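Before I ask anything, let me first share the structure, which is written out below as structure tokens.
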Number of protein chains: 2
Amino acid sequence: MADLLAGDLIKAENPALAALAAKAYAPRSVRPIWLQIYDRLADAIRQDVVPPGSRLPGEVYLADLFGVNRITMRRALALHQNEGLLQARKGVGIFVRPRPRRFLIRNDMQFAESLLVDGGSISSKNLWLGRGKASPEAAQLFGIAPDEQVILLHRLRQLDGAPIYVSRKEFPILRFPDFENRYHESGSVRAVFRSAGIESYRRSETRVMGGFASKEEAEILEISPQTPVQYVTSINRDVSGQVIEFNRGCWPMASVELVFAAAD
Amino acid sequence: MADLLAGDLIKAENPALAALAAKAYAPRSVRPIWLQIYDRLADAIRQDVVPPGSRLPGEVYLADLFGVNRITMRRALALHQNEGLLQARKGVGIFVRPRPRRFLIRNDMQFAESLLVDGGSISSKNLWLGRGKASPEAAQLFGIAPDEQVILLHRLRQLDGAPIYVSRKEFPILRFPDFENRYHESGSVRAVFRSAGIESYRRSETRVMGGFASKEEAEILEISPQTPVQYVTSINRDVSGQVIEFNRGCWPMASVELVFAAAD
DNA sequence: CAGTGGTCTAGACCACATG
DNA sequence: ATGTGGTCTAGACCACTGG
């Protein structure tokens, strides 16, 4: 009784979703039911039938609404989670993720990367600053032993409060012996460079590769583990060619677009 | 009876796989069984217990081997298909994909992209050459109307016979009125450029973005639909700045690494 | 505590490819 | 005809979150 009541209430709250579910399915042989549900959910989300940030009705209710078993319903939901449109939180519900925006990272080689996005405010948050073992790649670039220490800076970039990019930067201690203090004073890497006498530097190489979010990355970025992501590693050098920064970042794949433009 | 016999035969064929499956599972609360099976399969593949190109035992047999239900087994297999290590062919079996290699695409801006891979032979295959409607983006770049025609060249790149990259190139007809004939004569885009008086050109912009393989792309690349891929679009200009080529390519995400190096 | 998503099983039927 | 992978159901139990 209480179940029926709750069901009716939710249904009344979102008639558009109910209408979407009421349509007849194409034959299973043409396209599996779960993919058809996946399609309809995608439409519902993109057409703001269910707005970003809102919570979807529960799986059992949705399954009933779409006239399928809960398992079948879950397949459709799971694919959307994997692709980044939805995000489940155990014990809480399934939420519509903020509309995936395409970030543009201009990578002009001469300048540091710059984030461009239409509207929305990007904020940067430092997760951790300290010293630790260099990654093998950074050690080689800095010309130090593999187990030597480097300055480590973990940063998180957020769009309107939602995490969107996590990076791990490495700097050679020899070059920036007082990195931490300088950084705390200024709050900017560029300023630390300047205080070390580096007025200008350049991006010498950028690598892009695909992967799947580790548990840690998934937690920080608030996505499901195994979600496809893009890793970007970049190398900055001073004018003499010395490597002064090695950076490795991670994006949810769906929300970034990289642009590499010629210098002109 | 026949079942048992077949099972024993296969098991005898691959004792290493059986050994992998025989180990006790960690508690489900630590890591779900299907993810533990996923892990073991990954090990088996990466350690050549099941070599690239070989076919896995059937799902029902594997499920029995790992002591779980077929559905549970399928979850582990499905994730590997999604990530590119395995590839299922309906009615045939599940196959181990060729070891994902990291392709390096050097993108020096001055030169056309060049494929680098350690060992293995890369071949190029033309799927289609003809004329058709320009994409909106290309039309704008070429300075033509959105419904105007362009030269279209669909190409497939293969590594040791396995499809690895599919691209769709667009060229302005005004600039290359005799493209098809020139191309058939020489078999190279560069030669067509030269015959049109273009001795040198440059890559002015490259964009990288993630996505999920459409049904068509999946078929060409022999991957499952919805598998994560990377799209790369690039623009080539002649020395005067005129756009002479617009290219859009698609890679299985797991098998490519893009390198953008500064000109130096 | 109730409701949520996450996992797992048992069994069924289908579509496809191969011999 | 057989075996393969693909889909779908029914029902169960668990772990987590919130009030």
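What you see is a predicted model, and the numbers here were worked out from it, not measured in a lab. Numbers restart at 1 for each chain; the letters A, B, ... are given by sequence-line order, proteins then strands.
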Query - Side chain of B:Pro32 - closest among C:dG5, D:dG6, C:dC8 - result: C:dC8
Report summary line: Letter by letter from the 5' end, nucleotides 14-19 of chain C scores (B base, S sugar-phosphate only, - none; protein heavy atoms under 4.0 Å) --BSS-
Requested in this report: Look at the side-chain N and O atoms of A:Thr72 and state whether any lies under 4.0 Å from the OP1 or OP2 oxygen of D:dT9.
Outcome: yes
Query raised in the report: Rounded to the Å, how far apart are B:Arg75 CZ and D:dC8 C1'?
Result: 16 Å
Query raised in the report: Could you state the CG-C1' distance from B:Leu77 to D:dT7, rounded to the nearest angstrom?
Result: 16 Å
Query raised in the report: For the pair made of CD in B:Gln36 and C1' in C:dC8, what is the distance, rounded to whole Å?
Result: 13 Å
**Report entry** Trace of the salt bridge (Lys or Arg N to Asp or Glu O under 4.0 Å) decision for A:Glu180 with A:Arg131
**Finding:** CA-CA 9 Å; A:Glu180 293 91 334; A:Arg131 300 179 179 209; 2.7 Å; yes
Query raised in the report: Do the ring planes of A:His80 and A:Tyr38 sit parallel (below 30°), tilted (30 to 60°) or perpendicular (above 60°)?
Result: parallel
Requested in this report: Select from B:Leu56 and A:Arg31 the residue whose nearest nucleotide in DNA chain D is closer to the 5' end of that strand.
Outcome: B:Leu56
Requested in this report: Report the residue (B:Met73 or A:Val60) whose heavy-atom-nearest nucleotide on DNA chain C is the more 5′ of the two.
Outcome: A:Val60
Query - Crowding at CZ, B:Arg89 (>12 non-hydrogen neighbours, <6.0 Å) - result: no
Query raised in the report: Between atom CZ in A:Arg74 and atom P in C:dT7, what is the gap in whole Å?
Result: 7 Å
Query raised in the report: Looking only at side chains, do A:Thr233 and A:Glu137 share a donor and an acceptor under 3.5 Å apart?
Result: no
Query raised in the report: More than 12 foreign heavy atoms under 6.0 Å from CZ of B:Arg46: is that the case here?
Result: no
**Report entry** Within 6.0 Å of CZ in A:Arg55, more than 12 heavy atoms from elsewhere
**Finding:** yes
Report task. Have a look at A:Arg55 and say if it touches a base, only the backbone sugar-phosphate, or nothing, with a 4.0 Å heavy-atom cut-off. Result -> sugar-phosphate
Query raised in the report: Nearest of C:dT9, C:dG5, D:dG6 to any side-chain atom of B:Asn69?
Result: C:dT9
**Report entry** Between P of D:dC8 and CD of B:Glu59, the distance in whole Å
**Finding:** 15 Å
Requested in this report: Report the distance from atom CG of A:Leu62 to atom C1' of C:dG6, rounded to the nearest whole Å.
Outcome: 16 Å
**Report entry** Length of the line joining B:His80:NE2 and D:dG5:P, which is rounded to integer Å
**Finding:** 16 Å
Requested in this report: To the nearest Å, give me how far apart CZ (A:Arg70) and P (C:dG5) are.
Outcome: 7 Å
Report task. Identify whether any heavy atom of B:Ile71 sits under 4.0 Å from a base atom; if not, whether one sits that close to sugar-phosphate; answer base, sugar-phosphate or nothing. Result -> base
**Report entry** Nearest atoms (heavy-atom pairs only) where A:Pro57 meets A:Leu62
**Finding:** O-CD1, 3.4 Å
